[in-house]
Undergrad: 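Quick one: the structure is below, questions incoming.
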Amino acid sequence: MADKPTAKYRKDYKPADFSITHVHLTFDLQETDTHVRAVNKVVRQSHSEASTLVLAGEDLDLVALAVNGVAHTDYALTEGGIEIHQVPAEFELTVDTKINPKENSSLEGLYLSEGAFCTQCEAEGFRRITFYLDRPDNLAIFTTKVIADTSFPSLLSNGNRVAAGEVENGRHWVEWHDPFPKPSYLFALVAGDFDILEDTFTTKSGREVALEIYVDKGNLDRSHHAMLSLKRSMQWDEERFGLEYDLDIYMIVAVDFFNMGAMENKGLNVFNSKFVLAKPETATDADFLGIEAVIGHEYFHNWTGNRITCRDWFQLSLKEGLTVFRDQEFSSDLGSRAVNRINNVRIVRGPQFAEDAGPMAHPIRPEKVIEMNNFYTLTVYEKGSEVIRMLHTLLGEEKFQAGMRLYVDRHDGTAATCEDFVVAMEEASGADLKQFRLWYSQSGTPELTVATDYDATAKTFSVTVSQETKPTLDQAEKQALHIPFDIELYGADGRVLPLILNGGSVDNVLNVTQATQTFVFENIEEKPVISMLREFSAPVKLHYDYTDEELSFLMVNATNDFARWDAGQMLLAKHIRHNVTLSQQENIFELPLAVIAAFEGVLTNAELEPAFVAEMLTLPTESEVAGWYDVADVDAIANALGFIRQTLASEMVEPLTEKYHQLLQADYDVEHTSINKRKLRNTCLRFLALTEAGDELVKAQYRSSNNMTDTIAALDAANTGKLPCRETLMADFSDKWQHDGLVMDKWFMLQGKNPAENALDVVKAQLSHPAFNIKNPNRCRNLIGSFCGQNPLRFHARSGEGYEFLVDMLTQLNSVNPQVASRLIDPLLKFKRYDEARQRLMRSGLEKLAKLDGLAKDLFEKINKALEQ
Ligand code: B3K
Ligand code: ZN
């Protein structure tokens, strides 16, 4: 990179001088030498008098430029694109460029995935295709002609197919027209030889939509679940949000080389094959559920993202937070609401809180960005969804939907802001969201500390809530937020006590708006047990001195599943912390019998949904526990968690064994009830792997399994339990599946998480496994990402060898694929949270990377922020 990359600020937003209203693209596709012609209708905006048109462009070879059909030479190529001088107020601009898709390993712009041409333009990839107003507030009508060899039978782009024909030399073409104006980031093109699964969907207004899923040859039998998920998504969006699909065709293409999960390009979604391809022999239950969620997410973007897009990239959460909320609701309406909520909350409390506590802390609407791709974060997505969920909690479904309708009516066909969304919610509901808006501008995790007091004479129970958000690297000053705080009070017999404040009964959701606030509940006849932050009503940390007895009581008596799970997690947390301390003092570990009994009570309660029981019995991860401390003691945390797992396993061996056998299902299907049973059964197996019978049980399950869920569960249990059978089973699996990268990803992941002492050597050896390819993001994430992000004990080895390994990998990936590198670097950025010796090693790794020749913007931004600390 020539110059030091510069930052953009939200406050500097300015509309462009010109707009492009129509663009006609022609692609003459050749692997190393693709010719792109863009004919743009350009209009100067009324506020401007400019005569220079500034367009973005990267890695482009400019062939010719014409204004109104006449060659134009008054231009200058710049670092970020082109400045075209002396242009009129309205004109046709023709730009001819050459690009090289084959050499494009960044997987941004136009590239090749296993021989097929495909594109990825969000956030700023379109500028690698042609010079353009590559910003989300420029909405244009696209017409696209794709010319290629007939060996690429499918030639696809956005919108409707309007014409096709043959040209000489065995080449053919197809022309597409998208009637909906869109920003360039939603442009897509695909050319390849695929198998196609076809179906139709009739919308509620009676229009028939053609549905087509394009997969690699031979994979048709793995595409049915994706189609089912698509039809369910279309139906759900009509029923719950009243939103109907608009084009005559909806296409999904699955590709193996893809930087993220999927992309919502108008009418032509491009998907990571991981989120399309599944059959019981190759995919786990989690894969099936992931497909449903991601297909839903991309489909829901058609309204929240495509029809209404973002004015600028700082508004990303406008479409992402809202669409995550919508996909979470979709999964919850179709499956178990409690289990979905639990898993979403685990992500916020674990990795999202960790992001807040690290150098990349930012509000859901960032203020400053160097590389936009770095801001597709857990904060923008998951915390962004929590912010929408809080609005939903405060307004209720009816008013929330009224707000949605107003937002859609008012902003359809435009590029909007987060503020526009809040205004619509406010106007439609009559709620005052003035203070609530701070959730958009303030970064960091708020912490709530609660104190309670029961006055037996006055029969009052007072609840004092204090809130504090600690300073983050990006923002020193914090203000009090509007926090919906959902509570319930119980009598000793489990009865729900009515909530009465100042003589009137109130709803469960309290409005916490001040730094400290006391709520005095009246007519409370006995000292109650309080359940707080029910449903995780706000993305905050909660501090309250519960006794073990109170938590065990809530595990049984709280009226909603989430609160019962949360009580179980708090009980575990207390004892994990205690054992971390014992480990540091080199004392003997301990876990009271009453705690074990509480979990045994859950396991043996036949009335509970099996998947919920599985969640109750699942301990927080090492990384989540690390986040509870300012300085994480990796070894003590691993020891404490290991002890608790082992103790629960040994003490509950009988009920675990009984459940394990009782939950056996002869046949496999992907119905939610079957998935839930397998989940609990495999949770039992993971515990049983730590007991004497473990090795035999795991081997037997691996051998008799008729589906990938049980196979991987057996391997996972062998891996975490460090069982003697591990090596044989892992070798057997690799022999069987080495031709299939997607399946091998599960195996690479297990190698990454391997708790054995030689894990790093084994991981390094897999870099030359026939199924590994550093250019494939899925392979990198599963092998390198899991080792660095999910194997803290080995990654943080005192020798520093884990850090050196990551630095080596990042050095390679910086030039192969900066976006992948930038995802993988995250564990190294958090050096402040480790002891001094580790900090030194991690910091010196970052310093080494900072000196790389040609350091990509993506890594530059993160490394510099981290080193600034
Ligand atoms: N909008 C895309 C993500 C684009 C990421 C660009 N680096 C997928 C999604 O959120 O649906
Ligand atoms: Zn999205």
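Values below: all heavy atoms of this structure, side chains included; hydrogens, waters and symmetry mates excluded. Counting convention: from 1, in listed order, for ligands and their atoms alike.
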Undergrad: In terms of residue, atom name and distance, what is the protein heavy atom nearest to atom 3 (C) of ligand 1?
TA: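 So the nearest neighbour among protein heavy atoms is Y381 OH, 3.5 Å.
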
Undergrad: Under 4.0 Å from ligand 1, counting heavy atoms only, is it the side chain of M372, its backbone, both or neither?
TA: neither

Undergrad: Assess E108 for proximity to ligand 1: is some non-hydrogen atom of it under 4.0 Å away?
TA: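 No, E108 has no heavy atom closer than 4.0 Å to ligand 1.
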
Undergrad: Considering only protein heavy atoms, which is closest to atom 4 (C) of ligand 1, and at what distance to one decimal place?
TA: E122 OE1, 3.5 Å

Undergrad: Of all the N, O or S atoms in E320, which one sits nearest to the Zn ion (ligand 2)?
TA: OE1

Undergrad: What residue and heavy atom of the protein are closest to atom 8 (C) of ligand 1, and at what distance?
TA: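 Here the nearest protein heavy atom works out to A262 O, 2.9 Å.
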
Undergrad: Is R10 salt-bridged to D312, cutoff N-O under 4.0 Å?
TA: no

Undergrad: Give yes if a backbone or side-chain nitrogen or oxygen of E320 is under 3.5 Å from a nitrogen or oxygen of ligand 1, and no if not.
TA: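 Looking only at distances, the answer is yes, because the N/O contact criterion of under 3.5 Å is met.
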
Undergrad: With rounding to the nearest 0.5 Å, note down the distance linking NZ in K865 to CG in L829.
TA: 10.0 Å

Undergrad: Give me the residue, atom name and distance of the protein heavy atom closest to atom 7 (N) of ligand 1.
TA: N373 OD1, 2.8 Å

Undergrad: Using a 4.0 Å cutoff against the non-hydrogen atoms of M263, which atoms of ligand 1 qualify?
TA: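 Checking each atom against M263, I get 1 (N), 2 (C).
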
Undergrad: Among N272, N773, N778, find the one that has a side-chain contact (heavy atoms from CB on, under 4.5 Å) with F257.
TA: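 Of the listed residues N272, N773, N778, the side-chain contact (heavy atoms from CB on, under 4.5 Å) partner of F257 is N773.
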
Undergrad: Verify the distance criterion only: is there a donor paired with an acceptor across the side chains of D858 and N373 at less than 3.5 Å?
TA: no

